[in-house]
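Input: a single structure, listed below in structure tokens.
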Amino acid sequence: CIPIHAGEEATVSTKTYTNMLATNLLAAIQLSGGHVDAGIREMRATADAMESYLAHWENHVQELDSMLGDFKQLYIMGRGSSMGAVWNGSLNNKEAAKCSFEGVHAAEFRHGPLEVVAEGFAAIIFAGSIQTSGLNRALAHDILSHNGKVIWVDSTPDAEIPTHLLPVISELTLPLVEILPMQMLTLAMAQRKGVEAGKFRYVSKVTARE
């Protein structure tokens, strides 16, 4: 048993998601013979960066709402370690904002689902690791060329794609900050739909039965 020390959590998985992910990363460092102390230092610096981002959460919510504008369908995409934010972001928006946004691997999207892109299509794409960000950027440009809309999520602005900026942190802890825009998105979408973000209608905080 490895405690995650997330504390009290009122609604959908936010602190529990982040702390479980951080614990898993530290466990992976330990099991692979890495330097856990160095990992902890990086996580503390990342926690400070996350706190700074969240200090302006209302601005981020407004920015995402404005960048999306009108749309009919939204896909969330990424690769590698960004898939945590892709899948959990899709889940959180279903739970918290009652919006059925699909989370999909960027490579999988290119192998067929790219056919759904048209006017009214929107995508949020995580730049992710530097090794594969070029592949994600190429997909973003293809979506734009087919009259879709893209929000690029990265720590540096893209000159050609509207970018939602993340704090500058290490690649190790990038997955910890990538979930933040997805949480901001739940607030923007709940406001659009006139519902209370994170208030469950049919399920409970803890699923007690199958």
Side-chain angles (χ1 to χ4, degrees), residues 11-14 17 53-54 56-79 82-128 132-166 175 177-202:
T11 177
V12 299
S13 177
T14 52
Y17 171 84
Y53 176 96
L54 290 171
H56 306 284
W57 67 269
E58 291 164 307
N59 294 337
H60 299 310
V61 171
Q62 183 177 7
E63 179 188 72
L64 286 168
D65 187 54
S66 176
M67 292 172 80
L68 279 171
D70 295 328
F71 65 94
K72 296 178 181 177
Q73 57 181 328
L74 175 66
Y75 277 65
I76 304 166
M77 306 181 214
R79 296 172 192 259
S82 297
M83 292 308 297
V86 168
W87 286 324
N88 191 254
S90 173
L91 172 63
N92 277 178
N93 275 276
K94 292 179 177 74
E95 293 175 323
K98 324 307 176 197
C99 291
S100 187
F101 300 150
E102 185 166 355
V104 62
H105 194 286
E108 182 183 347
F109 185 81
R110 183 176 286 286
H111 285 254
L114 185 61
E115 284 292 321
V116 305
V117 178
E119 192 75 30
F121 176 91
I124 295 175
I125 303 180
F126 290 95
T132 55
S133 62
L135 295 171
N136 295 338
R137 184 176 286 104
L139 176 61
H141 280 290
D142 285 348
I143 291 171
L144 291 170
S145 72
H146 298 314
N147 298 315
K149 185 181 298 184
V150 175
I151 296 177
W152 183 249
V153 182
D154 199 357
S155 57
T156 56
D158 190 282
E160 300 175 335
I161 311 172
T163 307
H164 180 79
L165 288 175
L166 295 175
V177 303
E178 285 181 322
I179 195 59
L180 297 178
M182 297 295 93
Q183 294 168 354
M184 300 301 101
L185 181 64
T186 68
L187 300 177
M189 292 300 103
Q191 186 174 12
R192 285 194 188 195
K193 298 189 74 171
V195 299
E196 182 181 342
K199 184 176 181 180
F200 294 112
R201 297 184 297 191
Y202 311 126

- Note on the structure: Minimal heavy-atom distance between V177 and L166, with the atoms involved, is O-CD2, 3.8 Å
- Query: How far apart are the C-alpha atoms of M189 and L68, what are their side-chain angles, what is the distance that settles it, and do they pass the side-chain contact (heavy atoms from CB on, under 4.5 Å) test?
  - Reply: CA-CA 10 Å; M189 292 300 103; L68 279 171; 4.0 Å; yes
- Item | Separation between CE of M182 and CZ of F126, rounded to the nearest 0.5 Å | 4.0 Å
- Query: Between the main-chain N or O of W152 and the side-chain N or O of R137, is there a donor-acceptor pair closer than 3.5 Å?
  - Reply: no
- Between OG of S66 and CG of N59, what distance do you get to the nearest 0.5 Å? 12.0 Å
- Query: If you draw a 6.0 Å radius around CD in Q73, do more than 12 non-hydrogen atoms from other residues or ligands fall strictly inside?
  - Reply: yes
- Check for a donor-acceptor pair, side chain of H146 on one end and backbone N or O of G148 on the other, with a separation under 3.5 Å. no
- Item | Donor-acceptor under 3.5 Å (N136 side chain, G78 main chain) | no
- Task: Inspect the surroundings of CD in E63 and state if more than 12 heavy atoms from other residues, nucleotides or ligands are less than 6.0 Å away.
- Result: yes
- Message: If we ignore hydrogens and angles and just use 3.5 Å, is the side chain of T186 paired with the main-chain N or O of Q183 as donor and acceptor?
- Response: yes
- Message: Listing request: all salt bridge (charged side-chain N to carboxylate O under 4.0 Å, His left out) pairs with a residue in residues 92-107, at least two apart in sequence or in separate chains.
- Response: none
- Query: Distance-only, no hydrogens or angles: does the N93 side chain make a donor-acceptor pair with backbone N or O of G89 under 3.5 Å?
  - Reply: yes
- Between H164 and L64, is there a donor-acceptor pair closer than 3.5 Å when you use the side chain of the first and the backbone of the second? no
- What heavy-atom pair brings S90 and G103 nearest, and what distance separates the two atoms? OG-N, 3.5 Å
- Identify the heavy atoms of V86 and I76 that sit nearest to each other, and give their distance. CG1-O, 3.3 Å
- Message: Please check: side-chain N/O of S133 versus main-chain N/O of G128, any donor-acceptor pairing under 3.5 Å?
- Response: no
- Query: So, the side chain of Y75 versus the backbone of V117: is there a donor-acceptor pair under 3.5 Å, distance only?
  - Reply: no
- Task: Check the pair V195, R201 against side-chain contact (heavy atoms from CB on, under 4.5 Å), reporting the backbone distance first and the verdict last.
- Result: CA-CA 11 Å; V195 299; R201 297 184 297 191; 5.6 Å; no
- Message: Using 0.5 Å steps for rounding, measure from the CD1 atom of I125 to the CE atom of M77.
- Response: 5.0 Å
- Message: Please check this pair: side chain of K149 against backbone of D70, looking for a donor-acceptor N/O pair closer than 3.5 Å.
- Response: yes
